[in-house]
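Structure first, then comments.
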Amino acid sequence: MTTGADVAALVLRGRTLSFGDDPRVVGSDEAVRSHEDGAVVVGQGGRILWHGAFADLPPAHAGAPCERHDDALILPGLIDAHVHFPQHRMLAAPAHDLLEWLDRFAFPEEARYASPDHAAAAAESFLDKLVSHGTTSALVFSTVHGQAADCLFRAARRRGLCLLTGATMMDRNAPGAVTQDAEASARESAALIASWHGVERLRYALTVRFAVTSSEEQLRLAGELLADHPGCLLHTHLSESAAEIELVQRLFPWSKDYTHVYERFGLLGENAVFAHGIHLSERECQALHAASSTVVHCPTSNAFLGSGLFDIEHVGAARRPVRVGIATDIAGGTSYSLLQTLAEAYKTARLKGRSFSAFDGFYLATLGNARGLRLDAEIGTLDAGRWADVVVLDPCATPVLAARHELSESLEDVLFALMMLGDDRAVRAVYVRGRRVAGGR
Ligand code: GUN
Ligand code: ZN
């Protein structure tokens, strides 16, 4: 039986690119799914009905309206695996290191989210920026104020976005305006889970800021909540700066290492997402691998705050791979653009003597992050059944890109130039559930 959702609403035609698997693991020939003259068919319900070569378009879809992007690339919408919504306007705040930056800039700015009006306006501004940069899904840090997460959920729902967030749990080592007693914050998280987890495309992420700002009691309560709500994510920071790691050792003297603190309270697991992971030891990588947790590389932030160089081949080592994602980490990060983020990841890899191909980068920003956020059944590829969240990238968007494009000889080369030289100007169109939400051309 054909339902309304199966009826084609739109055909997107152009060079399509999607991944079936991780090119680092299976090789790019096996991983890449691309059609030079391709088509993505979107159903009335906003899901993808078909992806393939335009020449093979099933006759049933041939009558649907067609939007042509002949000289551009059609990809799954980009996914940001770690970004801070209340830091949406505090980019480029210079500090000696992470801990000073938090005290001087992040905590005072986040204190403003006690105002619901401020949080509601910020949520719209933040989501506008994500979408205009080609990002259609994200795992987002909010603040300690439950109503700030509530505002962001509401705004994302109105836009039909797939978004994961939660109220931040912090009960020590920060100003009173951004901390909350452990019991109260656990109650607030439970109430938000009941209101939002699983509503349309929204998911709840239990959000412990980092071990530094949580008491053992708060970590214990977070572990209990995670055990009670196994569909939720756990979102936190791990092993970012040297001073932070030393402080964690002082605060939790019994711990073997930073990862052990989270482990002790039941916070490692397949739904756990840890931002940074720059200085992880072999033991920590083994524990994260055994738990099937995800570590998110935040290259522009790591460089800006001087936190260190993430070693993708150490963390992802084939003998005990830890799942890796990639993120802007606004506003430790300096760009909303996942293209700019991939460029910085490339440079970080080179500084560590590692490789990082364009296929590696675009895989991470699509299917890799979808897998890390446990959303790969819903987003991250152009496969039939996934939501039609799509970004169209123009490889000639700027004079510099256009000149470089004349030299490009392969798909990988086109993608490499886009990841090194592209930004939001390269985003020609963005579709969420098959509806165009950005790009007028
Ligand atoms: N660690 C704890 N909080 C933060 C934050 O807001 N940004 C970054 N980059 N690291 C953190
Ligand atoms: Zn962060």
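When a ligand or atom number is given, it counts from 1 through the structure's own listing order.
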Vertex the Zn ion (ligand 2), rays to NE2 in His237 and NE2 in His82 - rounded to 10°: 90°
Atom CZ of Arg283 with >12 non-hydrogen neighbours under 6.0 angstrom: yes
Backbone or side-chain N/O/S of His276 under 2.8 Å of the Zn ion (ligand 2): no
SB check Arg158 Glu200 (cutoff 4.0 Å): no
Interfacing atoms of ligand 1 (cut-off 4.0 Å, heavy-atom, Phe210): 1 (N), 2 (C)
Contact partition for Glu244 relative to ligand 1, non-hydrogen atoms under 4.0 Å: neither
Nearest-contact summary for atom 10 (N) of ligand 1 - protein heavy atom, Å: Glu240 OE1, 2.7 Å
At the Zn ion (ligand 2): angle between His84 atom NE2 and Asp329 atom OD1, to 10 degrees: 90°
Ion pair check, Glu282 and Arg319, cut-off under 4.0 Å: yes
Atoms of ligand 1, numbered as shown, that sit under 4.0 Å from any heavy atom of His84: 5 (C), 6 (O), 7 (N)
Criterion side-chain contact (heavy atoms from CB on, under 4.5 Å) against Thr168, the qualifying member of Arg209, Gln180, His235: Arg209
Heavy-atom nearest neighbour in the protein, as seen from atom 6 (O) of ligand 1, with distance rounded to 0.1 Å: Arg209 NH2, 2.7 Å
Ligand 1 versus Asp329: contacting region, heavy-atom distance under 4.0 Å: side chain
Nitrogen or oxygen of Gln87 less than 3.5 angstrom from that of ligand 1: yes
Nearest-contact summary for atom 7 (N) of ligand 1 - protein heavy atom, Å: Trp101 CZ3, 3.5 Å
Ring geometry between Phe153 and Trp196 (parallel below 30°, tilted from 30 to 60°, perpendicular above 60°): parallel
Ligand 1 atoms in contact with His276 (distance to a heavy atom under 4.0 Å): 9 (N)
Nearest atoms (heavy-atom pairs only) where Phe310 meets Ile278: N-CG2, 4.0 Å
Over all atoms of both residues, closest heavy-atom pair of Thr136 and Gly77: OG1-CA, 3.2 Å
Ligand 1 contact on Thr213 by region, counting heavy-atom pairs under 4.0 Å: neither
Ligand 1 contact on Phe105 by region, counting heavy-atom pairs under 4.0 Å: neither
Taking every non-hydrogen atom, the tightest pair across His405 and Cys396: CD2-SG, 3.4 Å
Cys298 backbone or side-chain N/O/S under 2.8 Å from the Zn ion (ligand 2): no
Between Phe141 and His82, ring centroids under 6.0 Å: yes
Lys/Arg-Asp/Glu bridge criterion (N-O < 4.0 Å) met for Lys256, Glu263: no
